[in-house]
J.: 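Have a look at the structure that comes next, please.
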There are 2 protein chains.
Amino acid sequence: MHGYDGFSYADLAQEVGIRKASIHHHFPTKASLAEALLERYRRRFAATLDSIATRHATAGKRLRAYLKTYRDALAGGEMVCLCVAFSPGRDSLSDPVLDELKIFEEQSIAWLTEVFELGRTDGSISSVAAPQAEAAACLALLEGAQLLARAGKNVSRFDAAVAVMKSRIQ
Amino acid sequence: MHGYDGFSYADLAQEVGIRKASIHHHFPTKASLAEALLERYRRRFAATLDSIATRHATAGKRLRAYLKTYRDALAGGEMVCLCVAFSPGRDSLSDPVLDELKIFEEQSIAWLTEVFELGRTDGSISSVAAPQAEAAACLALLEGAQLLARAGKNVSRFDAAVAVMKSRIQ
DNA sequence: TTCAGCCTACCTACTATATGGTAGGCACTA
DNA sequence: TAGTGCCTACCATATAGTAGGTAGGCTGAA
């Protein structure tokens with residue numbers, strides 16, 4: 001998986017084990033393919049967030065699970081989440097794809113804002129400033145941490161970047 | 001400027017106003033071109049860090065200037081720093097380019113670690129945890145913040161992401 | 001001083017390959 | 001039968017790159 005520009009029908013075809021033209025049949029343009037991939041990714045991620053909130057009662061536990069989701073997505077430094085992969089090449093992206101990116105961001109910020117609000121209330125996250133500001137910082141931190149781990153193909157880069165955030169979880 | 005894979009001799013030729021083949025003359029392969037670009041970027045950035053440290057006596061002021069450097073590099077959301085642009089496509093990068101990425105990261109972490117150490121001492125940054133952990137988090141935060149601003153082509157995404165960090169500066 | 005050689009920085013013209021895509025077809029299942 | 005999911009064969013264009021060339025400036029030697 002490269003960035004958007006390095007992402008090709010040929011690579012995907014090889015990965016899935018069908019011919020390139022077959023993918024074209026289902027997704028006539030690269031833009032429609034990217035949109036579908038990103039929408040699927042976003043929906044799955046939303047389900048993951050719901051699941052986290054359901055299974056964990058405290059903000060600290062939710063945040064820890066969220067960090068883990070990002071870390072697991074790294075697959076040892078081989079992958080990053082689709083939003084991180086696609087964002088640098090945003091000028092190549094169609095409007096519907098950009099919309100998906102935006103929705104992903106909004107959904108993440110909303111979820112995290114609630115977590116930080118809860119964290120302030122239940123005391124399971126220490127030193128919570130304004131919850132929305134914390135949410136924006138947290139999302140940026142994780143995307144950047146994925147980037148660093150990806151560049152170095154080394155998960156410990158991610159771990160180093162989130163250590164302070166983790167230490168705030170009670 | 002796309003990611004690495006979307007970065008082409010043709011684009012650069014147009015930008016610089018000479019023919020593609022002329023660039024090939026100076027940089028025979030894309031890898032050598034990327035390496036030269038990244039090395040130049042890294043050296044300039046190191047000079048910027050030196051300049052900041054020279055002009056600002058307190059850690060808080062240094063950190064603020066550092067944040068500003070990243071924000072200015074966004075050019076209103078049109079650009080991100082080379083390391084952010086190249087990292088997702090890291091599998092396409094040659095070893096010397098990867099080395100430059102690594103050096104950039106190390107140089108940033110080292111500089112930021114000193115800033116956070118100083119911040120602890122001079123009190124100009126509040127609640128400093130382990131300086132090296134703070135440094136790793138800060139770098140990730142800024143790279144992620146650039147990504148978010150780039151995706152939305154909107155500098156306020158960056159501002160939102162770094163607000164908490166800024167509030168810690170005295 | 002002049003000239004030849006070298007260097008630098010650009011050029012035109014071309015190439016092999018990969019990309020996103022098109023057109024038409026086959027096979028299987030409900 | 002119709003629809004779905006795959007296929008082969010092909011195409012136009014963009015990419016990274018190759019080969020050979022020109023022009024101007026500089027330097028050193030005669």
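Chain naming here is simple, since letters A, B, ... match the order of the sequence lines and numbering starts at 1 in each. In this text the structure is predicted, and so the values were computed from the model without any measurement.
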J.: Think A:Lys30 forms a cation-pi with A:Tyr4, using NZ or CZ under 6.0 Å from the six-ring centre and within 45 degrees of its axis?
T.: yes
J.: Could you list the residues that satisfy side-chain hydrogen bond (donor to acceptor under 3.5 Å, both in side chains) with A:Asp159, not counting sequence neighbours?
T.: A:Arg71
J.: So, taking the atom named CZ in A:Phe7 and the one named CG in A:Leu12, what distance separates them when rounded to the nearest 0.5 Å?
T.: 5.0 Å
J.: Without decimals, in angstroms, what is the distance between B:Ile23 CD1 and D:dG17 C1'?
T.: 13 Å
J.: Give the B/S/- string for nucleotides 9-27 of chain C, one per nucleotide from 5' to 3', where a protein heavy atom under 4.0 Å of the base yields B, of only the sugar-phosphate yields S, and otherwise -.
T.: BBBBB-----SBBB-----
J.: Can you name the side chain to side chain contact (heavy atoms under 4.5 Å, CB included) partners of B:Arg19, sequence neighbours left out?
T.: B:Ser22
J.: So A:Glu134 and A:Ile125, side-chain contact (heavy atoms from CB on, under 4.5 Å) or not? Walk me through it.
T.: CA-CA 11 Å; A:Glu134 290 277 8; A:Ile125 306 177; over 6 Å; no
